[in-house]
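Chain A is the first sequence line, chain B the second, and so forth, proteins listed ahead of strands; every chain is numbered from 1.
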Number of protein chains: 2
Amino acid sequence: MRNRSVTYSTENTFRALADPTRRAVLDLLRKGSQPAGQIAEAFPVSRPAISKHLRLLRRAHLVTEQQRGRHRMYQLNPAPLKAVDSWLADYRRYWQMNLANLKTFVESEYARELGENAVKNPSSKK
Amino acid sequence: MRNRSVTYSTENTFRALADPTRRAVLDLLRKGSQPAGQIAEAFPVSRPAISKHLRLLRRAHLVTEQQRGRHRMYQLNPAPLKAVDSWLADYRRYWQMNLANLKTFVESEYARELGENAVKNPSSKK
DNA sequence: AATATGCGTAACCGTATAGTTACGCATTAT
DNA sequence: ATAATGCGTAACTATACGGTTACGCATATT
């Protein structure tokens, strides 16, 4: 298997990104691989706390580790972020619309009628 | 205040996206505003469960609601996703690098030396 | 050989999720 | 006026976080 494109669990990826500390760890690793202890020093929480964050990041395949003597070097693996990026892609065109226009549209009578229709013709629920 | 650019809590945004059901709700709302009940019908979980998801999405400002008779219309607000997008931006260039090259680099003796240096010159810790 | 260092894990705690069922309050329909 | 509908919330449960301290095991140092 050479360079076969790998799929990761989008679920794990989003979950891993939910915590600000973990995002900060990734940001840190963008500057280069670092051993676990050095990563921990960058944060106000205890080393075991970081160790657990690293475990989640590992599960999400957002970092890879390799033993280097008694150190564990952590390296960023941005590949799973591609899934996040492509999920976001579908939304980009939305914020490219003028949101002010959207707002006035929603508050218009036209939208109101659409809303009523959506409600009165649920086309489900009996 | 007219169209003043609003900032949202990135924290809340990422947290809201962590759950697959909530992401699916957003995906659903991309097709158009819907009342809460209709949203709930699209999922295998109970209506109150969806109601709670909607609460989190509201807190994250990813949806807006408005009373429409006895219905509550939910509408997508993609604006907070811009923060996610810009966080991701810093990573895009990484997955544009050839990851195979990166891998061989990391495993090279050169990287090994860098790694050792990083360890032996922590430039912190006493 | 003995000691120090790096780092993961276990055990424990408080809080937030994610789901459930039961309930209550408006609004609409009859 | 009464009944039905739409939907949020309360109360409860199980699980997962995020943090802590204590511990243990390799690897390095002296």
Side-chain angles (χ1 to χ4, degrees), chain A residues 9 11-25 29 33-60 63-75 112 115-126, chain B residues 9 11-25 33-60 63-75 112 115-122 124-126:
Chain A
S9 152
E11 172 58 19
N12 282 345
T13 308
F14 275 101
R15 191 75 74 177
L17 296 183
D19 185 83
T21 301
R22 282 193 293 270
R23 290 196 302 277
V25 168
L29 288 179
S33 300
Q34 292 195 30
Q38 211 170 108
I39 296 172
E41 284 173 19
F43 296 92
V45 299
S46 71
R47 198 186 46 68
I50 295 297
S51 193
K52 280 168 48 169
H53 283 307
L54 288 171
R55 176 160 52 189
L56 286 196
L57 289 171
R58 252 183 280 133
R59 277 186 201 154
V63 300
T64 56
E65 50 137 12
Q66 52 179 345
Q67 282 275 9
R68 181 85 85 215
R70 62 184 166 185
H71 300 271
R72 256 168 221 234
M73 294 298 288
Y74 278 91
Q75 194 203 5
R112 199 169 305 268
E116 293 295 336
N117 280 342
V119 170
K120 294 193 173 164
N121 305 326
S123 69
S124 65
K125 188 73 166 230
K126 184 164 63 66
Chain B
S9 151
E11 173 57 20
N12 282 346
T13 308
F14 275 101
R15 191 76 72 178
L17 296 183
D19 185 84
T21 301
R22 283 193 293 270
R23 291 196 302 277
V25 168
S33 300
Q34 291 194 31
Q38 211 170 108
I39 296 171
E41 284 173 18
F43 297 91
V45 298
S46 70
R47 198 188 45 67
I50 296 296
S51 194
K52 281 168 49 171
H53 283 307
L54 288 171
R55 177 159 53 189
L56 286 195
L57 289 172
R58 253 183 278 133
R59 277 187 201 151
V63 299
T64 57
E65 51 137 8
Q66 51 179 344
Q67 281 275 9
R68 181 87 84 216
R70 61 184 167 184
H71 299 272
R72 257 167 221 235
M73 294 297 290
Y74 278 91
Q75 194 202 6
R112 199 168 306 269
E116 293 296 336
N117 280 342
V119 170
K120 293 194 173 164
N121 305 327
S124 65
K125 187 76 166 213
K126 184 164 56 80

Checklist entry - B:Leu54 CG to C:dA18 P: how many Å, rounded? => result 13 Å
Checklist outcome for this item: Checking D:dG8, C:dT5, D:dG18 against the side chain of B:Arg72 (C-beta onward), the nearest is D:dG8
Item to check | Option among B:Asn12, B:Thr13, B:Leu17, B:Val63 that satisfies the side-chain contact (heavy atoms from CB on, under 4.5 Å) test with B:Leu57 | outcome: B:Val63
Item to check | Of the listed nucleotides D:dC7, D:dA10, D:dG19, the one nearest the side chain of B:Ala36 | outcome: D:dC7
Item to check | Whole-Å gap separating P (D:dG8) and CD (B:Gln66) | outcome: 14 Å
Item to check | pair B:Pro35-B:Arg72: side-chain heavy atoms closer than 4.5 Å | outcome: no
Checklist entry - Has A:Tyr74 got a side-chain N or O lying under 4.0 Å from the OP1 or OP2 atom of C:dG8? => result yes
Checklist entry - Just how far, in rounded Å, is P of C:dG8 from CZ of A:Arg68? => result 15 Å
Checklist entry - Just checking B:Ala49: base, sugar-phosphate only, or nothing, at a heavy-atom cut-off of under 4.0 Å? => result base
Checklist entry - Quick one: is D:dG19 close enough that its OP1 or OP2 comes under 4.0 Å of any side-chain N or O from A:Ser46? => result no
Item to check | Residue mapping more 5' on DNA chain C - nearest nucleotide basis, B:Pro44 or A:Lys52 | outcome: A:Lys52
Item to check | Under-3.5 Å donor-acceptor pair between B:Arg47 side chain and D:dG6 base | outcome: no
Checklist entry - Distance check: side-chain N/O of A:Arg55 vs OP1/OP2 of C:dC7, anything under 4.0 Å? => result no
Checklist entry - Between C:dC7, C:dG19, D:dG19, which nucleotide gets closest to the side-chain atoms of B:His53? => result C:dG19
Next on the checklist: Rounded to whole Å, how long is the line connecting atom CD1 of B:Ile50 with atom P of D:dG6?
Outcome noted: 16 Å
Item to check | Separation of atom CD in A:Glu11 from atom P in D:dT15, rounded to whole Å | outcome: 17 Å
Item to check | Candidate nucleotides C:dG19, C:dT5, D:dT21, ranked by approach to the side chain of A:Arg70 - the nearest | outcome: C:dT5
Checklist entry - Can you name the closest pair of heavy atoms from A:Arg47 and A:Ala40 and give their distance? => result CG-CB, 3.8 Å
Item to check | Distance in angstrom units between A:Leu57 CG and D:dG18 P, rounded | outcome: 10 Å
Checklist entry - At under 4.0 Å between heavy atoms, what does B:Phe43 touch on the DNA or RNA strands: base, sugar-phosphate, or nothing? => result nothing
Item to check | Nearest non-hydrogen partners of B:His53 and B:Thr21, listed with the distance | outcome: CD2-CG2, 3.8 Å
Checklist outcome for this item: Taking D:dT9, D:dG8, C:dT17 as options, the one with an atom nearest any side-chain atom of B:Leu56 is C:dT17
Next on the checklist: One thing to verify: whether B:Glu11 and A:Arg23 come together as a salt bridge, which I'm taking to mean a side-chain N less than 4.0 angstrom from a carboxylate O.
Outcome noted: yes
Item to check | Among D:dT9, C:dC7, D:dA22, the nucleotide that comes nearest once only the side chain of B:Ser51 is considered | outcome: D:dT9
